[in-house]
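A short worksheet on the structure shown next.
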Amino acid sequence: MDLSHLNHQQRQAVTSTKGPILVLAGAGSGKTRVIIQRISWLIQVEQVLPAEILAVTFTNKAAREMQERLKDELRGRQKGVQLSTFHSLGVQLLREHIDQLGYRSNFVIYDTQDQQSVIKGIMEDHDLEDSGLIDAKGVHYEIGQAKNRGLGPDHFLQQRDSTRKTQVGQVFTEYQRVLKGCNAIDFDDILLLTLKLFEEYSEAMDPLRERYHYLMVDEYQDTNRVQYQLMCHLCQRHHNLCVVGDDDQSIYGWRGADIRNILDFERDFPEAKIIRLEQNYRSTPTILKAANQVISQNPQRMPKELWSQKPTGVPLEWIEGKDEAEELELVARQIKIQVLRHGRSHSDYAILFRSNFQSRLIEETLRDSGIPYQIIGSTSFYERKEVKDALAYLRVIHNHSDEVSLHRIINYPRRGIGKTSLIQANYYCQLLRKPLFEICKQARQHSRIPTEAAMSMESFAQMILRYQQRFQQETLGEVLRDLLADVGLIYDLETQKIDPKTKEKRVGFVMELMRGLDRFVEQNPEKHLRDYLERVMLFTQNDREEELVSNQVTLMTLHSAKGLEFPFVFLVGMAEGVFPNQRSLDESGEEEERRLCYVGMTRAREELTMSMARRRKRYREEVSQTMSRFLSDIDSSLFKVAPGAKMDMGQKALQKKQSRADFFQQLRRLQ
DNA sequence: CAAGCTCTTCAGACA
DNA sequence: GAAGAGCTTG
Ligand SMILES: Nc1ncnc2c1ncn2[C@@H]1O[C@H](COP(=O)(O)OP(=O)(O)OP(=O)(O)O)[C@@H](O)[C@H]1O
């Protein structure tokens, strides 16, 4: 096998297939390439069966990319290699074994909204809502943090001196009970329950320990403790583990990523080999130098070298607008000019931002400028009310116990099952210890439920059962169409008295959902409703099948950009408060934000442009903004036009005028 | 009990 | 700019 496109250290990492190794290296040093080549080496040289190889990535997008790169490399022989995220691996195992843990295999996955509505419900039931000590969001956060560290309600209940903590503990306990009752698990449970399988049903899991002879983990710096433990179980038997990561790119601390996983690797795997990669093949020295200046302000970094042999490259660009609209217009024009001048494709460009809400204006601006674009990773689609409502029908059909979804739809669109009827139904649930759906099925037998409502409940339940049948037999997409027509969801949306534009949008989203299901069926004719639901829960919108990736500018958050690269990168919104994000600063200091900046900058291969607006609209009022602190860490000589300006006002104005004149001149020349 | 209205609150990243 | 809460009205 040809290893000439790897450097010495990479080759070492690729060919040291036995035992644990840790590849610790900076951005763009070819870590991902190591994983790809290693898999290729295992299959081609060591004749390892693909099914014995497991590579874990952090996002589905990364998994798919790796799949593509492997396909290019192995042309079919990669078939059978398992590439997945910890979460999808977990779901796969749970499907098979979750009954051991007291759930049924048709479990559903609760997202943040579902979780919070459960928590709200519990707090209402226990009159904890206006205790002033806790709120649903806070409890949700605490539960999440605890779960990421592998802790349960006891962790809170033990802290007797804090009423707040004990209340959180009570809600937490109840929360787990409710979820179990709904046969639902949350994202953290996916990992926790999988781990529990390994710990408590160890023998049943033995085949799994046996299965993967070679385990690889990309973006290792972002794993949390639970994932780490899971990883240990998976490679326990064979011990052939290769993890690659970069402590400077650890940007998921808020989700429990634990840097100890890197620090303790040597302790937990004493025979581990540590390999460092020091050459960056991605960016120009200019970009790399700037990125290093930003990250070097962080204390307590692991020592790492990173150099690039590429030609120096062009200086960094800086764009400043009077407000966000102007900032983004300038960015758009810049892209337009460059595409024309250099004959580049739009797909060579990425616009990266800190927070999702920034994407709206970017999108509008690009649309107005006629620049084609695609947005990656926005979760908002599946969080929209109308989409969630439609999905709730599917979830209830799949799992009658899913009471969060059931409550969403039992009276939407209206079918005369009001609040009081539900309270009565609920009373019978508790009295007879039956799930709500069972009560609905025979609502007329329960005298306290008003007759009208009871009839309605029964026919609702019958309808669900009818569609459950149909989903098992007919094409998913068609049944969904019938279902939504039957319950009148689209009709309800269309007859709402709101402005026609939003109305159109909402209907459009539901249509898109139906098209998505059609596409899913086309691509996976054998799969069932449960597969679709699983996909929808795990794969956010990222997965839009890369429709014609060609010639579109990519828009995404800095977080989703990790691991990717583009010839031209624009980092927009480089203003204090936005990036670094204020809340993040307050809660966890600037270091992670700084790493995020490092990640963003090092996505660029040839040219990096940063931009900000001097004023920004926030809700109603306008606020003036100052330049992001990260910019002042970059040597101004690396910029073509230095941001903020160390020059006096006169010069500054002049330069601005000058560059604007240049700019318009260029525009004219191009037209 | 439903419908329509205003008011408030919220916008940190992801699986 | 969107969604939920809470109010009034029919
Ligand atoms: N030995 C090599 N020779 C030439 N190019 C290489 C070599 N190794 C990697 N590259 C290229 O360098 C770029 C970065 O590689 P890769 O994505 O594997 O880096 P990485 O370390 O995973 O980056 P990051 O940490 O930013 O995710 C890719 O375009 C890759 O093709």
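Just so it is clear, the values below take in all heavy atoms, side chains as well, and ignore hydrogens, waters and symmetry mates. Naming: A, B, ... by sequence-line order, numbering from 1 per chain. Owing to the predicted nature of the structure, the values given are computational and were not obtained by experimental measurement.
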Return the polar atom pairs (N/O with N/O) between nucleotides 1-10 of chain C and the protein under 3.5 Å, or none.
residue: C:dG1; atom: O5'; partner: A:Arg360; partner atom: NH1; Å: 3.4
residue: C:dG1; atom: O4'; partner: A:Arg360; partner atom: NH1; Å: 3.0
residue: C:dA3; atom: OP2; partner: A:Arg506; partner atom: NH2; Å: 3.3

Is the backbone N or O of A:Ile417 less than 3.5 Å from a side-chain atom of A:Ser421, with the two atoms forming a donor-acceptor pair by type?
no

Main-chain N/O of A:Leu193 paired with A:Asp189 side-chain donor or acceptor, under 3.5 Å:
no

For the pair made of [atom1] in [X] and [atom2] in [N], what is the distance, rounded to whole Å?
X: A:Ile185; N: B:dA15; atom1: CD1; atom2: P; answer: 17 Å
X: A:Arg535; N: B:dA15; atom1: CZ; atom2: C1'; answer: 15 Å
X: A:Glu591; N: B:dG12; atom1: CD; atom2: P; answer: 21 Å
X: A:Leu596; N: B:dG12; atom1: CG; atom2: P; answer: 14 Å
X: A:Asp186; N: B:dA15; atom1: CG; atom2: C1'; answer: 11 Å
X: A:Tyr382; N: B:dA15; atom1: OH; atom2: C1'; answer: 14 Å
X: A:Arg594; N: B:dA13; atom1: CZ; atom2: C1'; answer: 18 Å
X: A:Gln115; N: B:dC14; atom1: CD; atom2: P; answer: 16 Å

Hey, do the aromatic rings of A:Phe58 and A:Tyr252 have their centres closer than 6.0 Å?
yes

Please find the pair of heavy atoms, one from A:Glu590 and one from A:Arg594, that lie closest to each other, and give the distance.
OE2-NH2, 2.7 Å

Correct closest heavy-atom pair for A:Asp222 and A:Ile251 would be OD1-N, 3.3 Å

Between A:Val572 and A:Leu352, is the side chain to side chain contact (heavy atoms under 4.5 Å, CB included) condition met? List the steps.
CA-CA 6 Å; A:Val572 302; A:Leu352 309 181; over 6 Å; no

Any side-chain N or O of A:Asn148 less than 4.0 Å from the OP1 or OP2 oxygen of B:dA15?
no

Considering just the side-chain nitrogens and oxygens of A:Ser560, establish if one lies under 4.0 Å of OP1 or OP2 belonging to B:dC14.
yes

Between A:Tyr141 and A:Thr85, which residue's closest nucleotide on DNA chain B lies nearer the 5′ terminus?
A:Tyr141

Heavy-atom nearest nucleotide on DNA chain B taken for A:Glu593 and for A:Ser88; more 5' hit belongs to A:Glu593

Derivation and outcome, side chain to side chain contact (heavy atoms under 4.5 Å, CB included), residues A:Leu422 and A:Ile410:
CA-CA 9 Å; A:Leu422 276 175; A:Ile410 194 162; 4.0 Å; yes

For nucleotides 2-8 of chain B, just jot down a letter per nucleotide in 5' to 3' order: B, S or -, based on protein non-hydrogen atoms under 4.0 Å.
SSS----

Around atom [atom1] of [X], are there more than 12 heavy atoms from other residues, nucleotides or ligands closer than 6.0 Å?
X: A:Gln582; atom1: CD; result: yes
X: A:Met455; atom1: CE; result: no
X: A:Glu199; atom1: CD; result: yes

Describe the nucleic acid contact of A:Thr57 in one word from base, sugar-phosphate, nothing, applying a heavy-atom distance below 4.0 Å.
nothing

What nucleic acid atoms does A:Phe58 come within less than 4.0 Å of, heavy atoms only: base, sugar-phosphate, or nothing?
sugar-phosphate

For residues A:Ser611 and A:Glu327, is any side-chain donor paired with an opposing acceptor at under 3.5 Å?
yes

Could you check whether A:Lys147 and A:Gln176, counting side-chain N and O atoms only, form a donor-acceptor pair closer than 3.5 Å?
yes

The correct set of residues in residues 575-589 of chain A placing a heavy atom under 4.0 Å from DNA chain B is A:Asn581, A:Arg583, A:Ser584, A:Glu587

Would A:Phe86 pass as stacked on B:dA15, i.e. its ring centre under 5.5 Å from the base's six-membered ring centre and planes under 30° apart?
no

